[in-house]
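Just the heavy atoms: all of them, side chains too, but no hydrogens, waters or symmetry mates, feed the values below.
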Amino acid sequence: MKKKFHPEFFDDFLRIRARIADPDGWEEFKFQYEKAERTVILHPEEQSKRLRKPPLAGYRCHKFKSSRRLKGKADMRLVFRVDREQQTIFLLGLGFRFPEENHEGVYDYVGRRAEKGTPTGDGD
């Protein structure tokens, strides 16, 4: 599958970096993200959940942990849409599931992107 990114997708890394101050934690997050992206590209439907509520209806969500050391449930979400006809994964957004003080949760800002329309960025 090819991948395309929403034009604002990479801004999400700045949001995440603001919440992960520790350099080792940041490296761990990047490792976990790369693993999650590979999983989504290889098994988009099998390793994700379909989102049902507007404006994200039609998109999917892959859950993953920001660190292997994190106990409990996955704290990160990778939101995307699959286009089987074009053999493309459209990556809409990435972020922490739950908001914190001065930081929105991923579904808040990714939902606004979805309302604007289909992502148009290029893949690598």
Side-chain angles (χ1 to χ4, degrees):
M1 287 250 180
K2 297 180 291 184
K3 59 184 172 182
K4 288 189 175 185
F5 299 94
H6 187 279
E8 298 173 37
F9 181 86
F10 294 102
D11 295 344
D12 296 346
F13 287 96
L14 299 174
R15 292 175 190 262
I16 294 164
R17 185 68 172 119
R19 288 179 64 175
I20 302 177
D22 176 53
D24 291 336
W26 178 245
E27 290 303 313
E28 175 68 16
F29 162 75
K30 290 190 304 187
F31 174 81
Q32 293 294 96
Y33 164 72
E34 289 169 2
K35 186 171 135 184
E37 185 183 283
R38 281 192 305 275
T39 299
V40 163
I41 298 301
L42 295 173
H43 308 288
E45 283 93 5
E46 297 87 355
Q47 297 295 321
S48 65
K49 179 181 175 185
R50 186 175 47 219
L51 299 174
R52 300 179 193 279
K53 294 182 182 177
L56 293 171
Y59 285 89
R60 302 189 72 82
C61 171
H62 175 71
K63 301 176 183 180
F64 68 101
K65 293 183 178 185
S66 58
S67 170
R68 289 174 283 197
R69 295 174 293 231
L70 184 69
K71 295 188 189 308
K73 295 182 178 182
D75 60 339
M76 302 299 296
R77 302 295 187 266
L78 178 57
V79 179
F80 63 96
R81 186 173 54 80
V82 179
D83 186 330
R84 287 281 176 200
E85 189 175 299
Q86 293 183 14
Q87 289 293 299
T88 303
I89 304 278
F90 295 99
L91 297 160
L92 182 64
L94 166 72
F96 284 96
R97 164 64 183 100
F98 294 108
E100 282 188 354
E101 187 176 331
N102 300 320
H103 299 284
E104 292 180 293
V106 66
Y107 295 121
D108 298 322
Y109 55 87
V110 171
R112 286 193 300 273
R113 288 180 197 164
E115 288 174 337
K116 293 178 186 176
T118 303
T120 58
D122 293 325
D124 11 301

(request) Decide yes or no on side-chain contact (heavy atoms from CB on, under 4.5 Å) for Phe5 and Leu94, but give the supporting numbers first. (result) CA-CA 11 Å; Phe5 299 94; Leu94 166 72; over 6 Å; no

For [X] versus [Y], what's the shortest heavy-atom pair and its separation?
X     : Y      : result
Asp12 : Leu92  : OD2-O, 4.5 Å
Ala57 : Arg52  : CB-O, 3.4 Å
Ser66 : Gln32  : O-CG, 3.8 Å
Pro55 : Gly111 : CG-O, 3.2 Å
Met1  : Thr88  : SD-N, 3.7 Å
Arg15 : Tyr109 : NH1-CD2, 3.3 Å

(message) Tell me whether the count of non-hydrogen atoms from other residues, nucleotides or ligands lying under 6.0 Å of NZ in Lys49 goes above 12.
(response)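 No, NZ of Lys49 has 12 or fewer neighbouring heavy atoms, counting only those of other groups under 6.0 Å.
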
(request) May I ask you to check whether over 12 heavy atoms, not counting those of Arg50, lie within 6.0 Å of atom CZ? (result)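 No.
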
(message) Using modelled atom types and a 3.5 Å cut-off, is there a donor and acceptor pairing between side-chain atoms of His62 and backbone atoms of Gln47?
(response)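 Confirmed, His62 side chain pairs with Gln47 backbone.
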
(request) Please answer whether the main-chain N or O of Arg77 pairs with a side-chain N or O of Arg97 as donor and acceptor at a distance below 3.5 Å. (result)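 No.
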
(request) Determine the interplanar angle of the Phe13 and Phe9 rings, folded into 0 to 90°, and report it as parallel if under 30°, tilted if 30 to 60°, perpendicular if over 60°. (result)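 Correct class here is perpendicular.
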
(message) Rounded at 0.5 Å granularity, tell me how far CZ in Phe31 sits from CH2 in Trp26.
(response)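 Separation between the atoms: 15.0 Å.
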
(request) Kindly compute the distance separating NZ (Lys35) from CZ (Phe64), expressed to the nearest 0.5 Å. (result)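 The NZ atom of Lys35 sits 10.5 Å away from the CZ atom of Phe64.
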
(message) Any carboxylate oxygen within less than 4.0 angstrom of a Lys/Arg side-chain nitrogen, looking at Lys116 and Glu8?
(response)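 Salt bridge between Lys116 and Glu8, a charged N being under 4.0 Å from a carboxylate O: yes.
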
(request) Output yes when Glu27 and Lys30 qualify as a salt bridge under the 4.0 Å nitrogen-oxygen rule, no when they do not. (result)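 Yes, this pair counts.
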
(request) Please collect all salt bridge (charged side-chain N to carboxylate O under 4.0 Å, His left out) contacts where either partner lies in residues 61-72, sequence neighbours excluded, each pair once. (result)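 Qualifying pairs: Glu28-Arg68.
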
(request) Run the numbers on Asp11 and Arg113 for salt bridge (Lys or Arg N to Asp or Glu O under 4.0 Å), then give the verdict. (result) CA-CA 12 Å; Asp11 295 344; Arg113 288 180 197 164; 5.5 Å; no

(request) Kindly work out whether a path of hydrophobic side-chain contacts (I/L/V/M/F/W/Y, heavy atoms less than 4.5 Å apart) joins Phe10 to Ile89. (result)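 Both belong to a single hydrophobic cluster.
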
